[in-house]
There are 2 protein chains.
Amino acid sequence: MAGRSTRDNAVRKPSSASAATPEATALWSPVNSRVRDRERKRDAVIQTAARAFRARGYHNTSLDDIAAELNVTKPTVYHYVQNKEQLLFECFRAGLRQIMEAFDEVGSTKLSARERLGIVMARYAEAITSDFGWCMVQAENQDLSPAMSRKVKSLKSEIDQGLRGLIREGARDGSLRKFDEKMAAFAIAGALNWIAHWYRSDEALTAAEIAERFIELFSIGLERKA
Amino acid sequence: MAGRSTRDNAVRKPSSASAATPEATALWSPVNSRVRDRERKRDAVIQTAARAFRARGYHNTSLDDIAAELNVTKPTVYHYVQNKEQLLFECFRAGLRQIMEAFDEVGSTKLSARERLGIVMARYAEAITSDFGWCMVQAENQDLSPAMSRKVKSLKSEIDQGLRGLIREGARDGSLRKFDEKMAAFAIAGALNWIAHWYRSDEALTAAEIAERFIELFSIGLERKA
DNA sequence: CGCTAAATATACTCACCAGTATAGTCTATA
DNA sequence: TATAGACTATACTGGTGAGTATATTTAGCG
């Protein structure tokens, strides 16, 4: 659908742009517009799968369902992904990427660990409320082959280590008090991941507002100051 | 297995206990020992299902699997539960019960809301680390028929309301500061529920120890006191 | 002992669905 | 305009697993 309409006007640029460097020419050559098109379609497949998985669950969504939502048939879906499992994995990875980006961005700043943790939590919440976020949380190991499961676990562990790292740094730079990193990271990740279970798009609060409250809660706690 | 061995010695008590009241006699009559036996077996089915679901996931566990683990065949399982969905629901309910009991116990004490919240959280953590706890967390709506889904939702909502209630009371009795109840309840429930995703029985910390740390975290937070 | 009901098993049905073999169609390009 | 290959569809296979029809055994009970 989106692919069909974008393809036509992208096709014949190269003939007029042959003065550019070979690399640039290659970028806009028809064959590469096809490649980009393919990627765009692939993304659409993954996005549609994510929405379907979130709506009905992974096991209750057949590839025929997904194909139907894309107005194509099953073999077309298989033309873009190897199998259903990989589809879930791609959804998982898309959600993960958003969170990893937050760590990357924040890693190159001079902010205190506490401030960085807050930023990561906000981006985390944003990611979790997306269709991909749902897949990230739900992509439980039992749905995946051992090989995929290992991959997922190691990627999830990166997030966990990122959180623990920030908490540890907070103890060093004095912005956070000393506390069992592992438990703190699990508590924060749990609270954030759980958003995927209750959040609906008609929710009164946005992801940013939810994150704001969570940050306050994990910062100063619930106990009344004596 | 368990059913087979317990049946034999439970069967012929009534003959020697016929001096008791009719009610007591009835309690120990063969027909009632059968009833109790049936319930015990049913519990065994549910317990086994919970363990299997936790180990391999709901959709990757067939009723043949469960039957095999009980050394019986599928129709026997169907003799104790109506269908697979109900099996999951019973597991869910077993986990839920433990948490509801915590609320009940704590409701009749004179403790501060903060103290009561701590006790509930500890029992909650305990429940979540059990096989039933896993089912409770995972029994997502997409696995259940609309009718069951509604039931599950309303039961889950009771827990949520219980948590919110304690937080609200804390603001009244001065043991907790004022804070968005809904978000606080979601954060706490999320952190606790998430335990089911990472906890393994060989975990260094017990459920009680995890709860202890979570309680501290949610009480005073991570921020270093200025 | 013989009847009744509970408990369990054998041996199916039926639907669903992941994945594929095969054959068309369209498009860029030589 | 002929060809290669990218894309998509039709129509299948094969396996799995929920649920059941039916028979058989076991245990209580008059």
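Protein chains get the first letters and strands the later ones, always in sequence-line order, with residue 1 at the start of each. Quick caveat, the model's predicted, so the values are computed rather than measured.
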Asker: Please classify the nucleic acid contact of B:S62 as base, sugar-phosphate, or nothing, using heavy-atom distances under 4.0 Å.
Answerer: sugar-phosphate

Asker: Checking side-chain hydrogen bond (donor to acceptor under 3.5 Å, both in side chains) for the pair B:Y124/B:N193: CA distance, chi angles, key distance, verdict?
Answerer: CA-CA 9 Å; B:Y124 200 130; B:N193 288 333; 2.9 Å; yes

Asker: Tell me whether the side-chain N or O atoms of B:K74 pair up with the base of C:dA9 as donor and acceptor below 3.5 Å, since no angle test is needed here.
Answerer: no

Asker: Given 3.5 Å as the limit, does a donor-acceptor pair link the side chain of B:E203 with the main chain of B:Y199, or not?
Answerer: no

Asker: Of the residues in residues 45-52 of chain B, which ones touch DNA chain C at a heavy-atom distance under 4.0 Å?
Answerer: none

Asker: Which whole-number value in Å describes the distance from B:L63 CG to C:dT10 P?
Answerer: 17 Å

Asker: Pair A:D43, A:R40 - check salt bridge (Lys or Arg N to Asp or Glu O under 4.0 Å), show working.
Answerer: CA-CA 5 Å; A:D43 285 348; A:R40 212 177 282 130; over 6 Å; no

Asker: So, the side chain of A:E209 versus the backbone of A:T206: is there a donor-acceptor pair under 3.5 Å, distance only?
Answerer: yes

Asker: Is the charged tip of A:K151 near the ring of A:F92: under 6.0 Å from the six-membered ring centre and within 45° of its axis?
Answerer: no

Asker: Tell me, please, whether B:F186 has B:R164 positioned over its six-membered ring: NZ or CZ under 6.0 Å from the ring centre and within 45 degrees of its axis?
Answerer: yes

Asker: Specify the separation, in whole Å, of atom CG of B:D64 and atom C1' of C:dA11.
Answerer: 12 Å

Asker: Let's see if you can work this out: which of C:dT20, D:dC7, C:dA9 has an atom nearest to the side-chain heavy atoms of A:K41?
Answerer: D:dC7

Asker: Both conditions, 6.0 Å and 45 degrees, for the charged tip of A:K84 above the ring of A:Y78: are they met here?
Answerer: no

Asker: Okay, side chain of B:S157, backbone of B:K153: is any donor-acceptor separation there less than 3.5 Å?
Answerer: no

Asker: Just how far, in rounded Å, is P of D:dG17 from CG of A:N60?
Answerer: 15 Å

Asker: How long is the line joining OH of A:Y58 and P of C:dC16, in whole Å?
Answerer: 19 Å

Asker: Scan for side chain to side chain donor-acceptor pair (under 3.5 Å) pairs involving residues 93-109 of chain B, sequence neighbours excluded, and state none if there are none.
Answerer: B:E90-B:R93, B:E105-B:R123

Asker: Could you check which residues of residues 76-90 of chain A get a heavy atom under 4.0 Å from DNA chain C? Sort them by number, please.
Answerer: A:Y78, A:N83, A:K84

Asker: What's the CG-P distance between B:D37 and D:dT26, to the nearest Å?
Answerer: 16 Å

Asker: C:dA9, C:dA7, D:dC7: which one has an atom nearest the side-chain heavy atoms of B:R38?
Answerer: C:dA7

Asker: What is the distance, to the nearest angstrom, from the CZ atom on A:R42 to the P atom on D:dA6?
Answerer: 16 Å

